[in-house]
Amino acid sequence: MSALSDLAFDPWDPAFVADPYPAYAELRARGRVLYYEPTDQWLVPHHADVSALLRDRGLGRTYQHRFTHEEFGRTAPPPEHEPFHVLNDHGMLDLEPPDHTRIRRLVSKAFTPRTVERLKPYVHRLANELVSALVEAGGGDLLTDVAEPLPVAVIAEMLGIPEADRAPLRPWSADICGMYELNPSEEAAENAVRASVEFSDYLRELIAERRKEPGEDLISGLIAAHDEDDRLTEQEMISTAVLLLNAGHEATVNATVNGWWALFRSPDQLAALRADHSLVPSAIEELMRYDTPLQLFERWVLDEIEIDGTTIPRGAEIAMLFGSANHDPAVFTDPGRLDLTRRDNPHISFSAGIHYCIGAPLARIELAASMTALLERAPTLALAAEPQRKPNFVIRGLEGLDVVVR
């Protein structure tokens with residue numbers, strides 16, 4: 001164990017957020033687990049440990065299936081934050097078995113390989129339409145013109161959210177996700193609570209409509225589940241829909257803009273990709289490793305564990321550093337180098353264990369569709385202005401990515 005006061009790890013420092021990877025190297029050199037007082041968390045920076053802990057059933061995304069807040073030595077969230085926590089705590093990402101198993105089993109029916117494969121034509125058509133509009137305009141903001149609308153539309157289509165209702169989805173999602181940052185401000189909490197109420201109210205009305213007139217969408221499918229082992233409460237349906245929207249586009253959006261920003265800074269790799277589009281699948285994996293969209297994933301210690309001689313007590317919180325694990329030289333040769341031909345690439349950007357991203361196959365299809373469309377329809381795509389990094393640490397992205405098509 002080591003203190004971090006003399007290290008460059010500072011999630012609120014813009015310089016660190018701009019490039020956290022040198023600080024991660026310091027963390028890995030310092031040890032396998034390090035206590036970080038500002039967030040009262042134990043940081044885990046090595047790939048082997050992160051991978052193992054993601055699969056460790058002695059840890060949990062929640063503890064309330066086994067302990068009260070008091071029994072676990074934690075303070076209950078303030079009452080004014082309750083709408084956010086009700087929404088968040090009933091989604092499968094923050095549940096443990098048996099509730100997690102029941103909900104994931106039902107939702108996974110919408111993400112079978114056959115179902116995802118059937119979405120391919122829709123995804124490719126939409127990606128080509130968005131990129132064609134960007135080309136016709138001579139450029140624009142890759143974030144708002146391509147990266148955001150593609151996955152949001154796909155998930156909304158799967159859920160059965162009418163096109164006319166989709167405008168608030170991204171703002172609601174952004175406000176809710178603000179609570180996943182470390183020590184969120186009261187303003188961020190207020191925004192998350194408001195968005196939680198508004199999004200929940202909307203979905204409650206949509207679920208009522210689907211009960212009267214079912215469709216072919218996922219919400220109708222969740223309502224129609226008649227097996228007692230699979231049946232969802234209305235709150236679980238609402239929380240599941242919000243989770244699928246948030247998780248279903250946030251990583252894809254940020255992987256797109258982080259990836260293209262990395263390519264613009266590595267002209268040799270971009271040239272190789274433009275010369276050989278068959279590199280797209282390996283390029284997607286490498287870009288998700290190189291600049292990880294989700295930098296940190298938290299779990300609670302349900303039963304005392306030991307890491308490298310350090311005892312982590314029950315009630316502690318583990319912060320697994322995905323970005324650091326994805327740059328661990330013990331696993332990745334020359335991890336600081338972008339290499340689109342990298343073959344041995346066991347990155348953990350989609351997590352692992354029972355919380356492995358259920359939408360990973362769909363995310364890969366979306367990323368491949370937008371990248372291929374940009375390579376084919378905008379072969380002269382270039383950076384128009386230096387982008388600004390979002391101030392967030394946990395969810396890593398850009399404020400925008402202005403491009404020009406020469």
Side-chain angles (χ1 to χ4, degrees), residues 41-67 72 84-85 87-113 116 151 155 173 176-177 179-182 218 222 230 232 236-237 239-252 254-255 285 288-289 292-303 305 307 312 316-326 346-364 394-396:
Q41 292 174 320
W42 295 83
L43 306 182
V44 178
H46 290 265
H47 187 284
D49 291 322
V50 170
S51 184
L53 290 172
L54 285 169
R55 297 169 171 84
D56 190 331
R57 302 308 307 137
L59 303 179
R61 282 289 291 176
T62 182
Y63 52 79
Q64 294 185 71
H65 60 309
R66 285 180 51 182
F67 308 101
F72 206 62
F84 166 80
H85 290 287
L87 180 63
N88 184 71
D89 295 353
H90 286 82
M92 61 183 172
L93 184 60
D94 281 80
L95 289 171
E96 292 296 310
D99 288 331
H100 172 274
T101 309
R102 172 174 54 87
I103 297 174
R104 188 173 177 113
R105 182 169 58 234
L106 186 58
V107 174
S108 65
K109 295 173 184 175
F111 288 92
T112 63
V116 171
I155 292 295
S173 175
I176 291 169
C177 288
M179 278 290 269
Y180 302 139
E181 292 299 317
L182 298 175
L218 179 54
L222 297 177
D230 276 346
L232 269 62
E236 287 172 340
M237 276 189 263
S239 297
T240 296
V242 172
L243 172 64
L244 290 175
L245 178 82
N246 291 352
H249 82 273
E250 198 70 46
T252 309
N254 292 320
E285 303 305 317
M288 290 200 72
R289 178 203 71 82
T292 310
L294 180 68
Q295 290 281 312
L296 178 150
F297 191 72
E298 299 159 330
R299 296 186 80 197
W300 297 103
V301 179
L302 304 177
D303 299 300
I305 61 172
I307 301 175
I312 315 295
E317 191 174 33
I318 297 279
M320 292 167 282
L321 298 174
F322 283 11
S324 176
N326 282 342
H347 68 77
I348 50 174
S349 299
F350 287 120
S351 191
I354 67 168
H355 292 296
Y356 179 78
C357 178
I358 200 170
L362 179 58
R364 287 183 167 108
V394 175
I395 299 174
R396 182 168 173 78

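Keep in mind it's a predicted model, so treat the numbers as computed, not measured.
Heavy atoms only, all atoms of each residue included: Gly91 and Leu243 are closest at C-CD2, 4.3 Å. Gln64 approaches Asp89 most closely through the heavy-atom pair NE2-OD2, 3.9 Å. Across all their heavy atoms, Pro45 and Ser324 have their closest contact at O-OG, 2.7 Å. The two residues Asp303 and Arg66 make their nearest non-hydrogen contact at OD1-NH2, 2.9 Å. Nearest heavy-atom pair, Thr62 versus His65, reported as atom, atom and distance to 0.1 Å: O-CE1, 3.2 Å.
When side chains are defined from C-beta on, Phe297 counts as touching Leu93, because their heavy atoms get closer than 4.5 Å. Using a 4.5 Å heavy-atom threshold, the side chains of Thr240 and Leu106 count as separate. At least one side-chain heavy atom of Phe111 sits less than 4.5 Å from a side-chain heavy atom of Leu244.
The backbone N or O of Arg61 sits less than 3.5 Å from a side-chain atom of Glu96, completing a donor-acceptor pair. Here the side chain of Arg299 pairs a donor or acceptor atom with the backbone of Leu59 at under 3.5 angstrom. Using modelled atom types, one side-chain atom of Arg104 and one backbone atom of Ile354 make a donor-acceptor pair closer than 3.5 Å. At distances below 3.5 Å, not a single donor-acceptor pair connects side-chain atoms of Asp99 with backbone N or O atoms of Met92. Side chain of Thr101 to backbone of Pro97: no donor-acceptor contact under 3.5 angstrom is found.
Under the ring pair (Phe, Tyr, Trp, His ring centres under 6.0 Å) criterion, His46 pairs with no residue at all, not counting sequence neighbours. Here Ser173 pairs with Cys177, Leu245, Asn246, His249, Glu250 under the side-chain contact (heavy atoms from CB on, under 4.5 Å) rule; sequence neighbours left out. For Cys357, the side-chain contact (heavy atoms from CB on, under 4.5 Å) test picks out Phe350, Ala360, with sequence neighbours left out. Under the ring pair (Phe, Tyr, Trp, His ring centres under 6.0 Å) criterion, His355 pairs with His100, not counting sequence neighbours. Qualifying side-chain contact (heavy atoms from CB on, under 4.5 Å) partners for Ala316, counting only residues two or more places apart in sequence or in other chains: Trp42, Val301, Ile312, Pro313. Scored by the side-chain contact (heavy atoms from CB on, under 4.5 Å) test, Arg55 finds Ser51, Ala352 as partners (sequence neighbours excluded).
The one candidate from Leu296, Val394, Val50 that meets the side chain to side chain contact (heavy atoms under 4.5 Å, CB included) condition with Phe322 is Val50.
In this structure, a donor-acceptor pair under 3.5 Å is present between the side chains of Ser349 and Asn326.
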Next item on the list: List the steps and the verdict of side chain to side chain contact (heavy atoms under 4.5 Å, CB included) for Leu232 and Arg102.
Entry: CA-CA 9 Å; Leu232 269 62; Arg102 172 174 54 87; 4.2 Å; yes
Margin query: Evaluate Ile155 against Leu362 for side chain to side chain contact (heavy atoms under 4.5 Å, CB included), listing each step before the verdict.
Written below: CA-CA 10 Å; Ile155 292 295; Leu362 179 58; 4.1 Å; yes
Next item on the list: List the steps and the verdict of side chain to side chain contact (heavy atoms under 4.5 Å, CB included) for Leu182 and Glu298.
Entry: CA-CA 10 Å; Leu182 298 175; Glu298 299 159 330; 3.5 Å; yes
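Atom-to-atom distance recorded for Ile103:CD1 and Ser239:OG is 8.0 Å, nearest 0.5 angstrom. The distance from atom CD of Glu285 to atom CE of Met288, rounded to the nearest 0.5 Å, is 7.5 Å. Here Ile348 contributes atom CD1 and Arg289 contributes atom CZ; the two are 12.0 Å apart, rounded to the nearest 0.5 Å. The CG atom of Leu43 lies 12.5 Å from the CG atom of Asp49; values are rounded to the nearest 0.5 Å.
Using bins of under 30°, 30° to 60° and over 60° for the plane-to-plane angle, the ring pair Tyr63/Trp300 lands in the perpendicular bin.
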